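All values derive from a computational prediction rather than experimental measurement. Residue numbers start from 1 in every chain, and the chains themselves are labelled A, B, ... in the order their sequence lines are given, proteins ahead of strands.
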There are 2 protein chains.
Amino acid sequence: MSTVNSLAATAALIGDPARAAMLLALLDGRAHSASDLAAIAGIAAPTASGHLVRLGAGGLVEMRAQGRHRFYRLAGRDVAAAIEELMSLSGARAAPASATAAWRRDPDLRFCRTCYDHLAGQVGMAVTDSLTRAGHIEPRGAKDWRLTSSGRLFCEKLGVDLEGAAARPGRHFARRCLDWSERRPHIAGALGAAIADTFFARGWTERLRRGRTVRLTDAGRRALARHFDAVA
Amino acid sequence: MSTVNSLAATAALIGDPARAAMLLALLDGRAHSASDLAAIAGIAAPTASGHLVRLGAGGLVEMRAQGRHRFYRLAGRDVAAAIEELMSLSGARAAPASATAAWRRDPDLRFCRTCYDHLAGQVGMAVTDSLTRAGHIEPRGAKDWRLTSSGRLFCEKLGVDLEGAAARPGRHFARRCLDWSERRPHIAGALGAAIADTFFARGWTERLRRGRTVRLTDAGRRALARHFDAVA
DNA sequence: TTGACACTTCGGCGTAGGCCGAAGTGTTGG
DNA sequence: CCAACACTTCGGCCTACGCCGAAGTGTCAA
């Protein structure tokens, strides 16, 4: 392909409103799921899927499959740089759209939410980080955590139902789950669910009426400080 | 217009092969007539005219009427920078396997060319590398070079018009500009332009009649060896 | 004034590509 | 095992836009 054509092809990839909306969302540097990006762009899932395939073929985004989700993120810093350069041209000086703006769009959701049945967002990450720091869990293999003996003690003291979690047949015990807003793995699987159950049971978190957003109560804030050595 | 739409609109302007060909031709920083650009893009005059109107409306090119001719040129350095940035994306990214094949595509252009008003390609990189090696310039911040005191001496000995360059109001003095074929920053800004002027004034480089390919003369080859400790 | 020329506007043709619903694939949980 | 779910592929509709020929506008030179 000639220089001209490859330039035009790359620019054309950015030149569609739906794809541009996706790329702008990805400018925050995090990985987003395909359905997320579809919602952001305001298009149906099949359309989004097609766009994402083309963006991948053009080398603008990378995909990582995790369970039944597929997470997409920008392929590199240079992609972000090129997009920002284009934005500065387009006069839409308005928003450096990056991290801070995207963050502000939905602060609560990013702060604390459930991912299926376990905690995600900053609170989920704080818990995971704390467990890792204290040596209560360790990465094992590509997709799992290992609960150490100290971790077992810690969970029991906290009131987490380890027996119940271990007894669930066919369910992974402690899974690494990529957190789309934090871009690092948090704790999922039966253990992640049991920990989340404990948070709800002890009144540390409350589900809001709609959606996946979760509110951290004052007691939860104190519990994070006391048990997890984390502030939120 | 929203951020998304203006980004998409600008990118779409570059994303058409005919317009991309015109923009690439205009990267030499010179003004080209409409019929010239039509020939370069390989399209009929009416089609080219339509494209040029749209490029003008998008703020990518400026028009100057002169007699019955109309000359078009890039609207600014930022336009050139954005296009170069996009090229660095599209070049090596889509086809990592065929890097050398891509090199063979336009060997002369990759060897030496102008990027708006400064030298680019291997020769531009050789100059930049030499200045860096000798401690004449250093990176400063994210996008600039700093000319050291030894660099100031070196430029004066070479006959580069430093006062003139420093006096250009509102123009960055020494800018880092991503070289799309070398994929590293070379020297741009007023200093880059002044150095390029010196190369042309001393007969080290010659502009070819069309396009931005630049020929390195035999004197230029010797000058590179003598002053820049570089072979080409 | 007339003709040559550079360029633009207009009108109509043809296709690339964006869009969605329906159906298919792979993973998770019960 | 099956149901739910996230995602993709497929097929067909439809608009946007690139393209050109013809005709219109402005400039130059005799």
Specify the separation, in whole Å, of atom [atom1] of [X] and atom [atom2] of [N].
| X | N | atom1 | atom2 | value |
| --- | --- | --- | --- | --- |
| B:R64 | D:dT27 | CZ | C1' | 16 Å |
| A:N5 | D:dG18 | CG | P | 15 Å |
| B:H69 | D:dC28 | NE2 | P | 10 Å |
| B:F71 | C:dC7 | CZ | C1' | 12 Å |
| A:R19 | C:dG18 | CZ | C1' | 9 Å |
| B:H32 | C:dA6 | NE2 | P | 17 Å |
| A:I43 | D:dT8 | CD1 | P | 11 Å |
| A:L55 | C:dG17 | CG | P | 14 Å |

When you measure from the side-chain N and O atoms of [X] to the phosphate of [N], is any distance below 4.0 Å, counting only OP1 and OP2?
| X | N | answer |
| --- | --- | --- |
| A:Y72 | D:dT8 | yes |
| A:T47 | C:dG18 | no |
| A:S49 | D:dT8 | yes |
| A:R54 | C:dG18 | yes |

Nearest of [options] to any side-chain atom of [X]?
| X | options | result |
| --- | --- | --- |
| A:R68 | D:dA22, C:dC7, C:dT28 | C:dT28 |
| A:D16 | C:dT28, C:dC7, C:dG18 | C:dG18 |
| A:A34 | C:dC7, D:dC7, D:dC19 | D:dC7 |
| A:H51 | C:dT9, C:dC20, C:dG18 | C:dG18 |

Rounded to the nearest 0.5 angstrom, the CZ-CZ distance for B:R113 and B:R207 is 13.0 Å
Answer with base, sugar-phosphate or nothing: what part of the nucleic acid does B:S35 contact at a heavy-atom distance below 4.0 Å?
sugar-phosphate
Is the shortest distance from a Lys or Arg side-chain nitrogen in B:R77 or B:D117 to a carboxylate oxygen in the other one below 4.0 Å?
yes
Hey, mind stepping through A:H136 and A:F154 against ring-ring contact (aromatic ring centres under 6.0 Å, His included) and telling me if it holds?
CA-CA 8 Å; A:H136 295 331; A:F154 178 80; 4.6 Å; yes
Go nucleotide by nucleotide along DNA chain C from the 5' end; which of B:A48 and A:P46 gets its closest nucleotide reached first?
B:A48
Is it true that B:S33 and B:H69 share a donor-acceptor pair across their side chains at a distance under 3.5 Å?
no
A:R73 and side chain to side chain contact (heavy atoms under 4.5 Å, CB included): which single residue from A:M63, A:R64, A:E62 fits?
A:E62
